[in-house]
Protein chains: 2
Amino acid sequence: MLRLSKLTDYAVVVLTRLEEAEEGGVLTAPGLAAATGLGEPTVAKVLKILSHAGLVEGRRGAAGGYRLARPLAAMPLTEVIAAIDGPIALTACVDNSIGLCDAEATCPVRGRWDPVNDAIRRALSGISIADLARVPAVVPHPEVVAAE
Amino acid sequence: MLRLSKLTDYAVVVLTRLEEAEEGGVLTAPGLAAATGLGEPTVAKVLKILSHAGLVEGRRGAAGGYRLARPLAAMPLTEVIAAIDGPIALTACVDNSIGLCDAEATCPVRGRWDPVNDAIRRALSGISIADLARVPAVVPHPEVVAAE
DNA sequence: TGAAATCAGGACCCGATTGGTACGGATTGC
DNA sequence: GCAATCCGTACCAATCGGGTCCTGATTTCA
């Protein structure tokens, strides 16, 4: 279905909620779980991943919590997807993976997915998390390519 | 990983091989399996899906086989993906799925993925299967957005 | 100094989806 | 009528993702 993981969806939710914290303030994982309605362990997992990717900053201790490393407007969607779902690549036959495919000799599209990946990266790089949270500032084209 | 299924990859391989058939000629599923190096049942499955989607035409009987319904240049990648992976939608929270999400009331990005989906559809609709099979006629932009 | 609160990192299990296979039926040509 | 092929469906196994839990490190506060 060309889907991305639920964790990415949760990440956007959590990041959006984090932006509502006052300047310099931090929100705890349990607090974010309660605010978003998601499970507490799941929210903690998402925050750990985002922290590892440098998108949020965690502060340990009694008065610890998380805060955004950057404003959401400066956080492209590609970074969140890359942090959780890994590098954006549609198939396993990319990234110069030579020798991994048994049908390598006869595969006519070997390495040809690159333009597709680039097109997707290009399309996604222009969208920030702030664009998802606020009013739909994107969607300039009304015509939608019918995909079944 | 934002991946699409292997079946879609196989479909592109099979479609590319199908185009090499002479005008009006058909290729059988076993023949295509041998030519592509893929498993025969798997190729048959892919062909059945593509036939159902109207991308290839099957002809039954002793001298039967498959042939392309259209030239690959007139076959956008979106149709192949939609045929095999289903409609292009990144998350389950799209398509006006009201009432399916338990965190619906507190979810701040509900329905906000639409611009993302549209952007991807738009990016993919400009790529045909022929673009994947032939020389890289696409990739006009040298700058690549680094995605980790 | 000790206790409590919180993040950090990893291991683990269960369910769902996908990849791959198999079988019976329908259709066509010889 | 027989053989070859496509068609539709059902089925099984393996992989992957979602979700949970546990232990340790760090910070604050009494």
Side-chain angles (χ1 to χ4, degrees), chain A residues 1-11 13-14 18 21 25-34 36-67 69 81 83-86 90-93 101-103, chain B residues 1-11 13-14 18 25-34 36-67 69 81 83-86 89-93 101-103:
Chain A
M1 206 240 276
L2 191 66
R3 68 163 195 276
L4 48 83
S5 65
K6 281 187 184 178
L7 275 299
T8 305
D9 200 350
Y10 298 160
V13 175
V14 170
L18 261 179
V26 295
L27 294 179
T28 67
L32 279 167
T36 57
L38 303 174
E40 181 174 327
T42 301
V43 170
K45 186 177 194 173
V46 169
L47 286 168
K48 273 179 268 192
I49 297 173
L50 294 176
S51 173
H52 196 72
L55 299 178
V56 303
E57 294 175 353
R59 179 191 179 94
R60 292 200 259 199
Y66 289 97
R67 67 181 183 87
I81 295 177
I84 297 187
D85 286 346
L90 282 149
T91 64
C93 290
C101 181
D102 52 351
Chain B
M1 206 240 277
L2 192 66
R3 68 161 198 277
L4 47 82
S5 65
K6 282 187 185 179
L7 275 300
T8 305
D9 199 349
Y10 298 161
V13 175
V14 169
L18 261 179
V26 296
L27 294 178
T28 67
L32 279 167
T36 57
L38 302 173
E40 180 174 327
T42 302
V43 170
K45 186 177 193 174
V46 169
L47 286 167
K48 273 179 269 194
I49 297 173
L50 294 177
S51 173
H52 196 72
L55 299 178
V56 302
E57 294 175 352
R59 179 193 180 94
R60 291 201 260 197
Y66 289 96
R67 67 182 183 88
I81 294 177
I84 296 187
D85 287 345
L90 282 147
T91 65
C93 290
C101 182
D102 52 352

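Keep in mind the model is a prediction, meaning the values are calculated, not measured. Within every chain, numbering begins at 1; the chains are lettered A, B, ... in the order of the sequence lines, protein sequences first and strands thereafter.
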Reported CG-to-CG distance for the pair A/Leu18 and A/Leu27, which is rounded to 0.5 angstrom: 5.5 Å
Output a table of donor-acceptor pairs, distance under 3.5 Å, between side-chain atoms of residues 38-60 of chain B and any protein atom two or more places apart or on a different chain; print 'none' if there are none.
unit_1  : atom_1 : unit_2  : atom_2 : d
B/Glu57 : OE1    : B/Arg67 : NH2    : 2.7

Near DNA chain D, under 4.0 Å by heavy atom, which residues of residues 42-57 of chain A? A/Thr42, A/Lys45
Nucleotide N/O to protein N/O under 3.5 Å, stretch nucleotides 24-28 of chain C:
unit_1 : atom_1 : unit_2  : atom_2 : d
C/dT28 : O2     : B/Ala62 : N      : 3.1

Looking at D/dG17, I'd like to know if its phosphate oxygens (OP1 or OP2) sit under 4.0 Å from a side-chain N or O belonging to A/Tyr10. no
Check whether any side-chain N or O of A/Asp85 sits under 3.5 Å from a backbone N or O of A/Thr8 as a donor-acceptor pair, and report yes or no. no
Whole angstrom is fine here: how far is it from NZ in A/Lys6 over to C1' in C/dT17? 12 Å
Only Watson-Crick and G-U wobble pairs with both distances less than 3.5 Å should count. Give DNA chain D in dot-bracket notation, marking inter-strand partners with |. ||||||||||||||||||||||||||||||
For the student: nearest non-hydrogen atoms of A/Ala21 and A/Gly25, plus distance: CB-O, 4.3 Å
Within the 4.0 Å heavy-atom criterion, would you say B/Gly39 contacts the bases, only the backbone, or no part of the nucleic acid? nothing
Nearest-Å distance for atom pair CD/C1', residues A/Glu40 and C/dA8: 15 Å
If I take atom OH from residue B/Tyr10 and atom CD1 from residue B/Ile84, how far apart are they, to the nearest 0.5 angstrom? 11.0 Å
How many whole angstroms separate atom CG of B/Leu7 from atom C1' of C/dT17? 12 Å
If you pin B/Tyr66 and A/Thr8 to their nearest nucleotides in DNA chain D, which one's is more 5'? B/Tyr66
